[in-house]
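What follows is a short report on a single structure.
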There are 2 protein chains.
Amino acid sequence: MKSAVETGYHLDSVDKEIIYMLMDNAKTSLSHISKNVGISTTAVHQRIKKLEQAGVIENSISFLNPRKIGYKVVSYIGVFLDQPSHYHDAVKALKEVNEVVEAHYTTGNYTIFLKVLCRDNDHLMEILNKLQKLKGVTRTETFISLEQSINRQLKV
Amino acid sequence: MKSAVETGYHLDSVDKEIIYMLMDNAKTSLSHISKNVGISTTAVHQRIKKLEQAGVIENSISFLNPRKIGYKVVSYIGVFLDQPSHYHDAVKALKEVNEVVEAHYTTGNYTIFLKVLCRDNDHLMEILNKLQKLKGVTRTETFISLEQSINRQLKV
DNA sequence: AATGAAAACCCCTCTTT
DNA sequence: AAAGAGGGGTTTTCATT
């Protein structure tokens, strides 16, 4: 038998139904969930508390739609560093750049891999210039998203 | 004067304070926000409703922590298609693959760019095999995230 | 746009099985 | 692990400025 550390928290079908409803809308009421899954609101509440304590369900956040406030360009940027040892300094500098919403230390071609949101292509150029001036950055490679056809959370 | 279509919905400082609180925690109560920004709960409520109707604030969702249910590998995969015309068929097929959480039609090297969540490297290999069998796919290139150092929403 | 008050609803705890 | 009942807080509406 595998341990929970390896396989993760075990979700039964009721847990999954609850989680999917909350993943779709964090403000779904207990009574609504209760009617859907067929157990009392108290039971739903107990399960959610357990899932939160286990860390399976994390915080809930509201989304700001970047497009609606004028941010229309989504891009991914691969960053080459001259030395991987510059990674931590680079991340520190990247945190100061609001347009950078994700940063990963990756295997493969790049040292750091970014997701960047910009208003338009001129704005993206500005950000690219800023990135290329960071210490240790030798080169960048940019992929602009022309259309995001899938955007969702994991289904298990 | 620029139109709202170009510049987006205009957010005043109070709107921004409200949005940042909700972006941090979707369940922040109106009374808590009210105390923080210095207007009544009703006024906060009215502003949130306006922002929701304008689409600036989108749905709020709860996060499932993939790691806690055994999904420990985050990767980005660039997909080469023999013909861009196969894009829509490919997206349709990709939607059936639960592990694919983002798909973008991009400029640059790749035709399609994916974010994929897997349990482990063996699981990732399975997914890569599956992707390479899709019609029109000639080659893939994978970046595994060893560490995600930034993960946040846009700040404006 | 903002306010206070009232109504409706919801979360959460307690007790019990 | 689940259920019902009750108190306290929250959202939502309404009338007013």
Side-chain angles (χ1 to χ4, degrees), chain A residues 1-65 68-70 153 156, chain B residues 1-65 68-70 153 156:
Chain A
M1 184 184 163
K2 290 188 185 177
S3 75
V5 177
E6 284 171 37
T7 58
Y9 189 101
H10 178 259
L11 304 172
D12 68 15
S13 63
V14 175
D15 288 328
K16 285 187 188 177
E17 278 190 82
I18 293 173
I19 287 176
Y20 291 143
M21 291 186 83
L22 292 175
M23 279 166 68
D24 190 57
N25 177 7
K27 286 171 181 164
T28 313
S29 71
L30 296 181
S31 63
H32 189 209
I33 297 173
S34 160
K35 279 164 199 151
N36 235 275
V37 304
I39 59 176
S40 73
T41 57
T42 314
V44 174
H45 184 237
Q46 282 175 358
R47 279 172 178 264
I48 292 175
K49 245 174 101 177
K50 253 190 85 179
L51 290 165
E52 284 174 344
Q53 278 162 1
V56 175
I57 298 177
E58 292 189 311
N59 56 335
S60 62
I61 66 170
S62 293
F63 279 111
L64 169 68
N65 184 339
K68 294 284 180 174
I69 53 167
Q153 288 197 74
V156 283
Chain B
M1 181 182 165
K2 290 187 183 176
S3 75
V5 179
E6 284 172 40
T7 59
Y9 189 101
H10 178 259
L11 304 173
D12 68 16
S13 61
V14 175
D15 287 328
K16 286 187 188 179
E17 280 189 80
I18 293 172
I19 288 176
Y20 290 142
M21 292 188 82
L22 292 174
M23 280 166 68
D24 190 58
N25 176 7
K27 286 171 181 164
T28 311
S29 72
L30 297 181
S31 62
H32 189 208
I33 297 172
S34 161
K35 280 164 199 152
N36 234 276
V37 304
I39 58 176
S40 72
T41 57
T42 314
V44 174
H45 183 238
Q46 282 176 358
R47 277 172 180 264
I48 292 174
K49 247 176 101 176
K50 253 192 87 180
L51 290 164
E52 285 173 344
Q53 277 162 1
V56 175
I57 297 177
E58 291 190 312
N59 56 336
S60 62
I61 67 168
S62 293
F63 280 112
L64 170 66
N65 184 337
K68 294 284 180 176
I69 53 167
Q153 288 196 71
V156 283

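Throughout, protein chains are lettered first and strands after them, A, B, ... in sequence-line order, and every chain is numbered starting at 1.
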**OP:** Anything under 4.0 Å to a heavy atom of chain B counts; send over the first and last such nucleotide of DNA chain D, read 5' to 3'.
**Re:** D/dT10 to D/dC14
Contacts table for residues 34-46 of chain B: side-chain donor-acceptor under 3.5 angstrom, sequence neighbours left out:
residue : atom : partner : partner atom : Å
B/S34   : OG   : B/I39   : O            : 2.7
B/S40   : OG   : B/A43   : N            : 3.1

Original post:
What's the shortest heavy-atom distance between B/H32 and B/T28, and which atoms?
Top reply: ND1-CG2, 3.4 Å
Original post:
Among residues 18-42 of chain B, which contact DNA chain C at a heavy-atom distance under 4.0 Å?
Top reply: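 DNA chain C contact set from residues 18-42 of chain B: B/I39, B/S40, B/T42.
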**OP:** Check DNA chain C against residues 46-65 of chain A and give the residues with a non-hydrogen atom under 4.0 Å, in numerical order.
**Re:**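 Heavy-atom cutoff 4.0 Å gives A/K49.
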Could you state the interatomic distance from [atom1] ([X]) to [atom2] ([Y]), rounded to the nearest 0.5 Å?
X	Y	atom1	atom2	answer
B/S29	B/M21	OG	CE	8.0 Å
A/I19	A/D24	CD1	CG	13.5 Å
A/L11	A/E17	CG	CD	12.5 Å

Subject >> Global bending angle along the helix from C/dA1-D/dT17 to C/dT17-D/dA1, which compares the axes of five pairs at either end, to 10 degrees >> reply: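 Rounded value for the end-axis angle: 30°.
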**OP:** Look at the side-chain N and O atoms of A/H45 and state whether any lies under 4.0 Å from the OP1 or OP2 oxygen of C/dC11.
**Re:**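 No, outside the criterion.
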Sequence neighbours left out, cut at 3.5 Å: what donor-acceptor pairs do the side chains of residues 50-65 of chain B make with other protein atoms?
residue : atom : partner : partner atom : Å
B/E58   : OE2  : A/N65   : ND2          : 3.1
B/N65   : OD1  : B/R67   : N            : 3.0
B/N65   : ND2  : A/E58   : OE2          : 3.1

Original post:
How far apart are the C-alpha atoms of A/I69 and B/K16, what are their side-chain angles, what is the distance that settles it, and do they pass the side chain to side chain contact (heavy atoms under 4.5 Å, CB included) test?
Top reply: CA-CA 11 Å; A/I69 53 167; B/K16 286 187 188 179; over 6 Å; no
